[in-house]
Structures are given as structure tokens and as C-alpha cells.
Protein chains: 2
Amino acid sequence: MKAKVHVTLKTGVLDPQGEAVRHALGQLGFDGVNGVRQGKYLELDLVETDPAKAEAEVKEMCDKLLSNTVIENYTVEIA
Amino acid sequence: MKAKVHVTLKTGVLDPQGEAVRHALGQLGFDGVNGVRQGKYLELDLVETDPAKAEAEVKEMCDKLLSNTVIENYTVEIA
């Protein structure tokens with residue numbers, strides 16, 4: 001069973017990495033970019049075959065390791 | 001107009017970052033993980049209002065800056 005995890009910065013948290021990308025795009029001539037936010041994307045290949053259990057397990061992984069819940073949100077998709 | 005970009009390593013390209021995540025999950029007791037692949041996720045806020053033009057522009061950004069097309073794939077979603 002596969003899981004897709006998105007980890008993104010919460011609204012209002014400064015994103016220097018995204019800002020650096022926006023600046024670099026501007027220097028390449030892409031002026032029509034108001035803002036860039038950069039997050040992480042993970043694909044997990046799980047042994048678990050029950051979707052509900054897999055989702056619960058991945059959410060626990062997100063809380064414990066994959067995201068910093070003080071400043072980041074995460075979403076989990078089971079496929 | 002918003003664009004969501006996923007940049008992932010091509011199949012067969014080694015992913016030491018994902019492997020490090022898998023190892024760390026194992027050490028935390030999450031044994032049911034066969035593999036982890038880590039990619040990047042970007043949200044762009046564009047001035048362009050035409051979806052087709054916006055998509056073409058973002059694909060050009062991916063080719064020129066956001067991804068390394070030798071080892072990475074990218075997908076663009078316009079929302």
C-alpha cells in the first residue's frame with residue numbers, strides 16, 4: 001500500500017527557501033510570480049494492507065518524525 | 001492563479017534522503033515501511049490568469065530552474 005504525504009509550512013510562517021526560489025525565478029525573467037511556498041513530498045511504500053490502519057500509522061509517523069507540527073501542516077493520502 | 005508542482009526523482013535514481021527517512025522510521029519502531037522516496041512540493045502564486053498560459057510558464061520554470069530533468073520528473077497542476 002502506498003501513501004503520499006505533503007508537509008507544508010503553516011500560513012504566516014516565513015519561508016526563506018520559497019522566497020529564494022521566487023527571487024531566482026525573477027532573475028531568470030519570470031516576473032509574474034507573486035510568491036512561492038516550498039514544502040516536502042514523500043511517497044511511502046507500506047506493508048500494511050488496511051487503508052484505515054495505514055492512514056493512522058502514517059499520521060503517527062508525521063507527528064513523530066516527518067513534520068514539525070509547531071510550524072508545519074501535513075496531509076496524508078492513501079492509494 | 002495558483003500552481004502546484006511536484007518534483008520527484010526518476011525511477012531507478014538512488015534516493016539517500018528517502019533511505020535516511022526510512023531508516024529513522026525503523027529506529028522509531030515503524031517496521032512496516034518498505035521504502036520512502038522524497039521529493040519537493042512547491043506552490044506558486046502567479047499573476048497570469050489564463051490556465052493554459054500559466055501551465056506553459058510553470059513548465060518552463062521547471063525545465064529551467066525547479067527540477068533537474070536528468071534525474072527528476074515534475075508534474076504541474078493549475079488551480
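Just so it is clear: chains get the letters A, B, ... in the order the sequence lines come, proteins before strands, and each one is counted from 1.
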CG-NZ distance between L66(B) and K59(B), expressed to the nearest 0.5 angstrom: 13.5 Å
Top of M61(A), E57(A), R22(A) for chain B proximity - count of heavy-atom pairs under 4.5 angstrom: M61(A)
Close contacts, residues 30-42 of chain A versus chain B, judged by heavy atoms under 4.5 Å: F30(A), G32(A), V33(A), N34(A), G35(A), V36(A), R37(A), Q38(A), G39(A), K40(A), Y41(A), L42(A)
K2(A) side chain near D45(A) side chain, heavy-atom distance below 4.5 Å: yes
Side chains of E48(A) and K53(A) in contact at under 4.5 Å (non-hydrogen atoms): yes
Engaged part of L46(A) at the chain B interface, taking heavy atoms whose separation is under 4.5 Å: both
Contact residues of residues 72-79 of chain A (partner chain B; heavy-atom separation under 4.5 angstrom): none
Choice from L44(A), L28(A), V5(A), L65(A) maximising heavy atom contacts with chain B below 4.5 Å: L65(A)
Taking every non-hydrogen atom, the tightest pair across V13(A) and I71(A): CG2-O, 3.8 Å
Region of Q17(A) that comes under 4.5 Å of a non-hydrogen atom in chain B: neither
Test side chain to side chain contact (heavy atoms under 4.5 Å, CB included) applied to H6(B) and H6(A), step by step: CA-CA 10 Å; H6(B) 287 89; H6(A) 287 88; 2.5 Å; yes
Leading residue by heavy atom contact count with chain A [cutoff under 4.5 Å; candidates V7(B), L25(B), V21(B)]: L25(B)
